[in-house]
Q: 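This is the structure I want to talk about, given as structure tokens.
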Amino acid sequence: MKPLITALLLAAASFAASPEDFSTSAGTLEIVPIQHASLYIKAGGKILYVDPAQGSFDGLPQADYILITDIHGDHLAPAVIDKVKKSGTQIAGPKAVAEKLPGITVIANGDKTTMGPFTVEAIAAYNLTRGPSAGTFYHDKGRGNGYVVTYGGKRFYFSGDTEGIPEMKALKNIDVAFVCMNLPFTMTPAEAAEAVKAFHPAIVYPYHSRGSDTQAFAKALAGTGIDVRLRDWYAK
């Protein structure tokens with residue numbers, strides 16, 4: 001029994017929050033939070049990572065597919081990618097990521113691609129107002145991607161680094177959304193809630209939220225009919 005108990009403890013320590021299960025027409029899809037913007041999806045016998053960069057990846061499954069949203073170190077970590085990838089792993093990201101990680105599939109804002117059982121659409125992700133100095137932005141328009149991943153008729157949105165841009169507010173038929181909020185780089189909880197109200201996913205998780213008041217986000221969405229699910233992405 002001891003080896004089994006040890007394995008279970010190691011698995012539990014590998015990610016901050018418990019796995020989240022979703023029913024689809026193609027069977028159960030599982031999303032496993034790791035830390036900050038890092039997570040993986042398990043469905044159809046395949047593993048798709050989004051932004052494997054922060055947290056512990058010990059004992060986690062190797063990737064069939066990897067999506068990268070942006071070039072910053074909390075999204076793009078080549079050493080972590082090397083740890084989770086295997087022979088034949090398909091990696092996709094915007095051009096700016098490909099310049100730092102040669103050989104990946106480039107997917108630009110508005111593009112669609114197929115990764116095994118998943119359909120992937122790249123959504124714009126950028127700042128409207130915030131930047132390190134006047135006239136500059138932390139995230140330039142066209143550089144980064146958010147993603148809508150479709151599996152078994154269900155649509156899952158991962159915002160990446162962005163403010164509440166028109167492209168986010170125009171999203172349709174999103175079943176589950178993972179939306180960022182952290183200053184000074186993206187949005188306040190109130191701004192994130194305003195954007196979420198516009199595209200009205202069935203379920204929303206705040207992620208990429210270090211230092212943010214996610215309870216304020218939930219309060220701002222009270223009465224909208226949106227299921228707000230708060231999870232600890234930074235558990236020790």
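Please read these numbers as outputs of a predicted model, since none were measured by experiment.
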Q: Please set out all donor-acceptor pairs under 3.5 angstrom arising from side-chain atoms of residues 90-108, sequence neighbours excluded.
A:
none

Q: Do you know the tightest heavy-atom contact between P206 and W233?
A: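 Looking at all heavy atoms of both residues, the shortest contact is O-NE1, 3.4 Å.
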
Q: Using every non-hydrogen atom in the two residues, find where Y234 and H36 come nearest and quote the distance to one decimal.
A: OH-ND1, 2.6 Å

Q: Under the side-chain contact (heavy atoms from CB on, under 4.5 Å) rule, what do D64 and M115 come out as? Steps first, then yes or no, please.
A: CA-CA 9 Å; D64 295 291; M115 303 179 88; over 6 Å; no

Q: Has the side chain of H200 got a donor or acceptor atom that lies under 3.5 Å from a matching backbone atom of G225?
A: no

Q: Does the side chain of K42 come within less than 4.5 Å of P61's, by heavy atoms?
A: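 No, too far: nothing below the 4.5 Å cut-off.
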
Q: Over all heavy atoms of both residues, which pair between P189 and S212 is shortest? Give the atoms and the distance, please.
A: CG-CB, 4.2 Å

Q: Is the closest side-chain heavy-atom distance between L67 and F158 below 4.5 Å?
A: no

Q: Establish, from distance only, whether the side-chain atoms of N145 and D70 form a donor-acceptor pair under 3.5 Å.
A: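 On atom types as modelled, these side chains do not qualify, holding no pair under 3.5 Å.
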
Q: Is a donor on one side and an acceptor on the other found under 3.5 Å between the side chain of D140 and the backbone of R143?
A: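 Such a contact is absent between D140 side chain and R143 backbone.
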
Q: Is there side-chain contact between I41 and F156, with heavy atoms separated by less than 4.5 Å?
A: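 In short, these two side chains do not touch, never coming nearer than 4.5 Å.
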
Q: When rounded to the nearest 0.5 angstrom, what is the spacing between OG1 in T119 and OH in Y147?
A: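 If we round to the nearest 0.5 Å, T119:OG1 and Y147:OH are 14.5 Å apart.
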
Q: Hey, could you give me the OG1/NZ distance between T214 and K219, rounded to the nearest 0.5 Å?
A: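 One finds 13.5 Å between OG1 of T214 and NZ of K219.
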
Q: Can you give me the closest heavy-atom contact between G146 and A125, atom names plus distance?
A: N-CB, 3.7 Å

Q: Report whether V179 and V149 are members of the same hydrophobic cluster (ILVMFWY, side-chain heavy atoms less than 4.5 Å apart, transitive linking).
A: no

Q: Is any side-chain heavy atom of V84 less than 4.5 Å from a side-chain heavy atom of L60?
A: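 No, their side chains stay 4.5 Å or more apart.
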
Q: Is a side-chain donor or acceptor of T24 paired with a backbone partner of G27 at a separation under 3.5 angstrom?
A: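 Present.
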
Q: CG of L39 to CD1 of I31: how many Å apart, nearest 0.5 Å?
A: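 Reported value, rounded in 0.5 Å steps: 6.5 Å.
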
Q: Is F199 linked to M181 within one hydrophobic cluster, defined over Ile, Leu, Val, Met, Phe, Trp and Tyr using a side-chain heavy-atom separation of less than 4.5 Å?
A: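 In one cluster: yes.
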
Q: Between T89 and Q62, does a side-chain contact (heavy atoms from CB on, under 4.5 Å) hold up when you go through it step by step?
A: CA-CA 9 Å; T89 297; Q62 289 185 295; over 6 Å; no

Q: Treating Ile, Leu, Val, Met, Phe, Trp and Tyr as nodes and any side-chain heavy-atom pair under 4.5 angstrom as an edge, say whether Y157 and I66 lie in one connected cluster.
A: no

Q: Report yes if some heavy atom in the side chain of P52 is under 4.5 Å from a heavy atom in the side chain of I34; otherwise report no.
A: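 A side-chain contact is absent here, since even the closest heavy-atom pair is not under 4.5 Å.
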
Q: Would you say the side chains of D51 and T69 form a donor-acceptor pair under 3.5 Å?
A: yes

Q: Give me the atom names and distance for the closest heavy-atom approach of A220 to A193.
A: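 Distance-wise, the nearest heavy atoms are CB-CB, 3.6 Å.
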
Q: Just list the side-chain donor-acceptor pairs under 3.5 Å for residues 160-171, sequence neighbours left out, or say none.
A:
residue, atom, partner, partner atom, Å
D161, OD1, H75, NE2, 3.3
D161, OD1, H208, NE2, 2.7
D161, OD2, H75, NE2, 2.9
D161, OD2, H139, NE2, 2.9
T162, OG1, Y126, N, 3.1
T162, OG1, Y126, O, 3.2
E163, OE1, T129, OG1, 3.2
E163, OE2, N127, ND2, 2.9
E163, OE2, L128, N, 3.1
E163, OE2, T129, N, 3.1
E163, OE2, R130, N, 3.0
E167, OE1, Y126, OH, 2.8
E167, OE2, Y126, OH, 3.3

Q: Cluster question for you: counting only ILVMFWY and a side-chain heavy-atom cut-off of under 4.5 Å, with indirect links fine, are I47 and F57 together?
A: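 The answer is yes; both residues are in one hydrophobic cluster.
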
Q: Flag the pair S38 / Y49 as yes when at least one side-chain heavy-atom distance between them is below 4.5 Å, and no otherwise.
A: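 Of all side-chain heavy-atom pairs linking Y49 with S38, none is under 4.5 Å.
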
Q: Enter the distance from I203:CD1 to D227:CG here, rounded to the nearest 0.5 Å.
A: 5.0 Å

Q: Under 4.5 Å between any side-chain heavy atoms of P201 and F178, yes or no?
A: no

Q: Is the Y151 to F118 ring centre distance short of 6.0 Å?
A: yes

Q: Going through the checks in order, is the side-chain contact (heavy atoms from CB on, under 4.5 Å) test met by V228 and V196?
A: CA-CA 10 Å; V228 182; V196 167; over 6 Å; no

Q: Would the number of heavy atoms belonging to other residues, nucleotides or ligands and lying under 6.0 Å from NZ of K172 be above 12?
A: no

Q: How close do P33 and P19 get, counting heavy atoms only, and between which atoms?
A: CD-CA, 4.3 Å

Q: Is the closest side-chain heavy-atom distance between V176 and F22 below 4.5 Å?
A: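 V176 reaches F22 side chain to side chain.
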
Q: Kindly work out whether a path of hydrophobic side-chain contacts (I/L/V/M/F/W/Y, heavy atoms less than 4.5 Å apart) joins L230 to Y207.
A: no

Q: To the nearest 0.5 Å, tell me how far E194 CD sits from L221 CG.
A: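 Going from the CD atom of E194 to the CG atom of L221 covers 11.0 Å.
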
Q: Measuring from atom CZ of R229 to atom CD of E20, what distance do you get when rounded to the nearest 0.5 angstrom?
A: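 It is 6.5 Å, given to the nearest 0.5 Å.
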
